[in-house]
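Only this structure's heavy atoms are used, side chains among them; waters, hydrogens and symmetry mates stay out. One-based numbering, in listed order, for ligands and for the atoms of each.
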Amino acid sequence: MDDESGSGGTGRFDGRVALVTGAGSGIGAAVARRLAAQGAEIFAGDIDGAAVEAVTKELPGAHPLTVDVTDSTEVDRAFDQAVRMGGRLDVVVHAAGVDDPTAKEWIAEALLADRPPEVTGRLGDDSWRRVLRVNLDGTFHVLRAALRVMVPARSGAVVTIGSSSAFDTLAGYPHYAASKAGAHALSQAVAKEAIAFGVRVNTVAPGPTETGMAARTPVALRQGFVDRRVRPYATPEEIADIALFLASEEAANLVGAVLLANGGRFTV
Ligand SMILES: NC(=O)c1ccc[n+]([C@@H]2O[C@H](COP(=O)([O-])OP(=O)(O)OC[C@H]3O[C@@H](n4cnc5c(N)ncnc54)[C@H](O)[C@@H]3O)[C@@H](O)[C@H]2O)c1
């Protein structure tokens, strides 16, 4: 599929209520558009209220929510609002996440100077905590809130967005790799617990994808990702399609999967 809506008019999510985090940009925005095009009522959350407002404006019946996933009270409030207004919650796609532009800059400088990157020794506690807080704590807050709604209902599907960089770790980017490896293991552990109650949890682990996050990657580092033997940067829609598959009934037997979607860069 290469059109923006990608619906194909299937209505795969007709009558379903979905909450998407990180919906103000990139993969989360593409997921919100795809889910809306396929019939779901969307609750689109992001820390950037203006961005998520702009995304939902184009989507009939979509509701913007300003939510910081590092704050569990805000996450719980967003879920309460979605359930109160939507009457149910069938799908959660958790795409909120952050990179570290400063560490990327240091890696790029090293590449240009033809020397190995030295990041870990220079990494402040605040940089470490910021990435872990959003990418790992945030995933916990969202998974917990989702299970609190879905377990009593005995149904639901949750998709978290991990990263292929948890497997093929980038030198000089340890906090991001650790946050995503943690998010994968967390999602898998929760998946094994939740399936007993009819709730499926799965993860997409994208490789390089053309989003706001990629736009913050310095040119030298981007060039390092160029490999003509494999697919180029994925589009956010290509990753969204995989997330929608995991959220759909077509993936009924997929539980605790971490689907590597990196266009053939490496396998695990
Ligand atoms: N782009 C890539 O190459 C790539 C590769 C692998 C994994 N990922 C992962 O995909 C996910 C989506 O990233 P993207 O590439 O679309 O980036 P993006 O920057 O375009 O979008 C991320 C969104 O998350 C939101 N966000 C950030 N912190 C938040 C918070 N505390 N609470 C709520 N929302 C918050 C941002 O405002 C933004 O709208 C992330 O988890 C990212 O780590 C991206």
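The residue among G97, S164, A96, A95 with a heavy atom at the shortest distance from atom 11 (C) of ligand 1 is A95. Distances from atom 30 (C) of ligand 1 to the heavy atoms of T21, D68, T66, T70 put D68 nearest. Taking each of T209, V75, N262, L65 in turn, the one with a heavy atom nearest to atom 3 (O) of ligand 1 proves to be T209. Looking at G162, G28, P236, A183, it is G162 that brings a heavy atom closest to atom 9 (C) of ligand 1. Checking G207, A261, A215, A214 against atom 4 (C) of ligand 1, the nearest heavy atom belongs to G207.
Backbone and side-chain nitrogen or oxygen atoms of S25 are examined, and one is located within less than 3.5 angstrom of a nitrogen or oxygen of ligand 1. Taking any N or O of I47, backbone or side chain, at least one lies under 3.5 Å from an N or O belonging to ligand 1. Remark: ligand 1 and S163 share no N or O pair separated by less than 3.5 Å (distance only, no angle test). Any N or O atom pair closer than 3.5 Å counts here, and I27 shares at least one such pair with ligand 1. Below 3.5 Å of separation, one finds an N or O of T211 facing an N or O of ligand 1.
Here the side chains of H141 and V69 are not in contact, with every heavy-atom distance at 4.5 Å or above. In this structure the side chain of Q81 never reaches within 4.5 angstrom of the side chain of H63, judged on heavy atoms. Contact annotation: the side chain of N135 never approaches that of T139 to less than 4.5 Å [non-hydrogen atoms, C-beta and beyond].
Residue-ligand proximity, V98 to ligand 1, at heavy-atom distances under 4.0 Å covers atoms 27 (C), 28 (N). Ligand 1 places these atoms under 4.0 Å from at least one heavy atom of G212: 20 (O). Taking every heavy atom of V67 and a limit of under 4.0 angstrom, the matching atoms of ligand 1 come to 32 (N), 33 (C). Ligand-side atoms of ligand 1 in range of G26: 16 (O), 20 (O), range being under 4.0 angstrom from any heavy atom. Near P208, meaning under 4.0 Å from any of its heavy atoms, are these atoms of ligand 1: 3 (O). Taking every non-hydrogen atom of R216 and a distance limit under 4.0 Å, the qualifying atoms of ligand 1 come out as 19 (O).
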**OP:** I would like to know whether S164 and N262 meet side-chain hydrogen bond (donor to acceptor under 3.5 Å, both in side chains); could you show each step before the answer?
**Re:** CA-CA 7 Å; S164 71; N262 69 2; 4.6 Å; no
Original post:
What's the verdict on salt bridge (charged side-chain N to carboxylate O under 4.0 Å, His left out) for E249 and R200, showing C-alpha distance, side-chain angles and the deciding distance?
Top reply: CA-CA 10 Å; E249 278 309 305; R200 290 186 307 106; 5.1 Å; no
Subject >> Test salt bridge (charged side-chain N to carboxylate O under 4.0 Å, His left out) applied to D168 and R265, step by step >> reply: CA-CA 10 Å; D168 185 19; R265 278 158 207 278; over 6 Å; no
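Within the structure, ligand 1 lacks A205 among the residues with a heavy atom less than 4.0 angstrom away.
Applying the side-chain hydrogen bond (donor to acceptor under 3.5 Å, both in side chains) test to pairs two or more places apart or on separate chains, those with a residue in residues 108-134 are R129-D137.
No cation-pi contact links R34 to F13, judged by a cut-off of 6.0 Å to the six-membered ring centre and 45° from its axis.
Judged by distance alone, the side chains of T21 and H94 do bring a donor and an acceptor atom under 3.5 Å apart.
With sequence neighbours left out, Y173 forms a ring-ring contact (aromatic ring centres under 6.0 Å, His included) with H175, Y176.
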